[in-house]
Amino acid sequence: MAGNSRDAGRSVTARALSVLTAFDLEHSRLTLTAIARRAGIPLATAHRLVGELELWGALQRDADGRYAIGLRLWEIGMLAPLNTSLRDAALPFMQELCETTRENVHLAVRDRWDAVYVEKLTAPRSVSIVSRTGGRLPLHSTGVGKVLLAHAPAVVVHEYCEQGLARHTPYTITEPGRLGRELHAVRSRGFAQTSEEMTLGNCSVAVPLRAGDGAVIAALGLVARSVRAEPSKLVKPLLPAAEAIRRRLLEQSGAHSGVG
């Protein structure tokens with residue numbers, strides 16, 4: 001079905017997915033020409049696919065002719081287990097953390113080389129942060145990311161370091177050996193911490209969130225202003241919250257399997 005297009009050999013599904021993945025945080029609204037360029041497909045192909053995706057509801061067209069992700073795609077995304085099980089189980093405890101600490105609260109999972117933020121809660125006077133729900137940030141420079149990387153297979157850590165560790169501030173760890181020692185410390189003490197490694201003026205702490213079998217499936221973290229933060233005090237409410245979420249997930253699993 002590729003015809004004479006320059007993307008010969010790619011399936012219709014692959015080309016449609018390339019249209020959707022042309023959008024990201026920095027490119028949330030795109031012209032048809034920009035979609036074709038970013039997706040690597042001919043303009044005529046983009047025109048046809050965008051029309052079909054718009055008709056279905058995966059894309060929507062603004063008054064100025066630019067396209068954005070449509071509501072129907074968002075609705076389907078909300079059916080993912082990350083939202084229907086993990087986020088739902090964690091949210092009440094995250095809300096309590098946000099109220100008691102008055103800091104930003106994060107729930108994240110690892111997707112290959114990134115920490116993906118499943119949920120983010122912000123207190124009224126908490127410090128400004130760059131994360132967003134559904135967004136991605138590096139593993140080596142965030143608290144939740146360090147937890148996820150510390151409990152990833154050794155081959156993942158090796159491949160991650162092989163790509164090079166980007167420096168986001170003067171305090172970002174960019175040496176693989178130093179990062180390795182830091183990840184060992186995370187596993188030993190049971191929590192991760194950062195100090196202005198992603199954003200100047202901010203620090204973070206995070207703890208692992210485990211499944212019933214003990215495997216780390218997510219990370220729960222707090223982000224605060226560096227000048228007022230004490231990691232030991234920030235960790236104290238995180239640990240019981242993570243345990244409570246683990247128990248809630250076990251309860252949900254038992255209910256879905258007909259146990260209890």
Taking only residues two or more places apart in sequence or in another chain, which ones pass side-chain contact (heavy atoms from CB on, under 4.5 Å) with Pro153? Arg110, Val155, Val156

Would you find a donor on one side and an acceptor on the other, under 3.5 Å apart, between the side chain of Thr199 and the backbone of Asn202? no

At their closest point, which heavy atom of Leu30 faces which heavy atom of Ile35, and how far apart are they? CB-CG1, 3.7 Å

The side chain to side chain donor-acceptor pair (under 3.5 Å) partners of Thr101 (sequence neighbours excluded) come to none

Ignoring hydrogens and angles, write down the donor-acceptor pairs under 3.5 Å from the side chains of residues 55-62, residues two or more places apart or on other chains.
| unit_1 | atom_1 | unit_2 | atom_2 | d |
| --- | --- | --- | --- | --- |
| Arg61 | NE | Tyr67 | OH | 3.3 |
| Asp62 | OD2 | Arg29 | NE | 2.7 |
| Asp62 | OD2 | Arg29 | NH2 | 3.2 |

When you look at CD of Glu96, are more than 12 heavy atoms from neighbouring residues, nucleotides or ligands closer to it than 6.0 Å? no

Indicate whether the side chain of Ser141 and that of Thr172 have a donor and an acceptor atom separated by less than 3.5 Å. no

Considering all heavy atoms of both residues, which atom of Leu220 and which atom of Ala241 are nearest to each other, and what is their separation? CD2-CB, 3.9 Å

Salt-bridge contact Arg246-Glu243 (side-chain N to carboxylate O under 4.0 Å): yes

Answer with yes or no whether the hydrophobic clustering places Leu209 together with Val118; edges join I, L, V, M, F, W, Y residues whose side-chain heavy atoms lie under 4.5 Å apart. yes

Please identify each residue that fulfils side chain to side chain donor-acceptor pair (under 3.5 Å) with Glu162, with sequence neighbours left out. none

Sequence-distant partners of His168, ring pair (Phe, Tyr, Trp, His ring centres under 6.0 Å), two or more places apart: His140

Note, Val144 side chain near Lys146 side chain (heavy atom, < 4.5 Å): no

Identify the two heavy atoms, one from Ser204 and one from Val223, that lie closest to each other, and give their separation to 0.1 Å. CB-CG2, 3.9 Å

Is Val186 close to Pro208 at the side-chain level, that is, under 4.5 Å between some pair of heavy atoms? no

Is Leu86 close to Leu249 at the side-chain level, that is, under 4.5 Å between some pair of heavy atoms? yes

With under 30° as parallel and over 60° as perpendicular, where do the rings of Tyr160 and Trp113 fit, or are they tilted in between? tilted

Cluster check Leu149, Phe191: I/L/V/M/F/W/Y, side chain < 4.5 angstrom: no

Are the side chains of Asn104 and Leu222 in contact, using a 4.5 Å heavy-atom criterion? no

I'd like to know if Asp24 and Arg38 make a salt bridge, using a cut-off of under 4.0 Å between side-chain N and carboxylate O. yes

Could you walk me through whether Ile41 and Val19 satisfy the side-chain contact (heavy atoms from CB on, under 4.5 Å) test, starting with their C-alpha distance in whole Å, then the side-chain angles of each, then the deciding distance to 0.1 Å, before giving a yes or no? CA-CA 9 Å; Ile41 58 178; Val19 167; 3.7 Å; yes

Is any NZ, NE, NH1 or NH2 atom of the basic residue among Arg225 and Glu103 found under 4.0 Å from an Asp or Glu carboxylate oxygen of the other? no

From Glu196 atom CD to Tyr171 atom OH, the distance as rounded to the nearest 0.5 Å: 5.5 Å

Please list all pairs meeting salt bridge (charged side-chain N to carboxylate O under 4.0 Å, His left out) that have one or both residues in residues 167-176, counting only residues at least two apart or in different chains. Glu175-Arg178

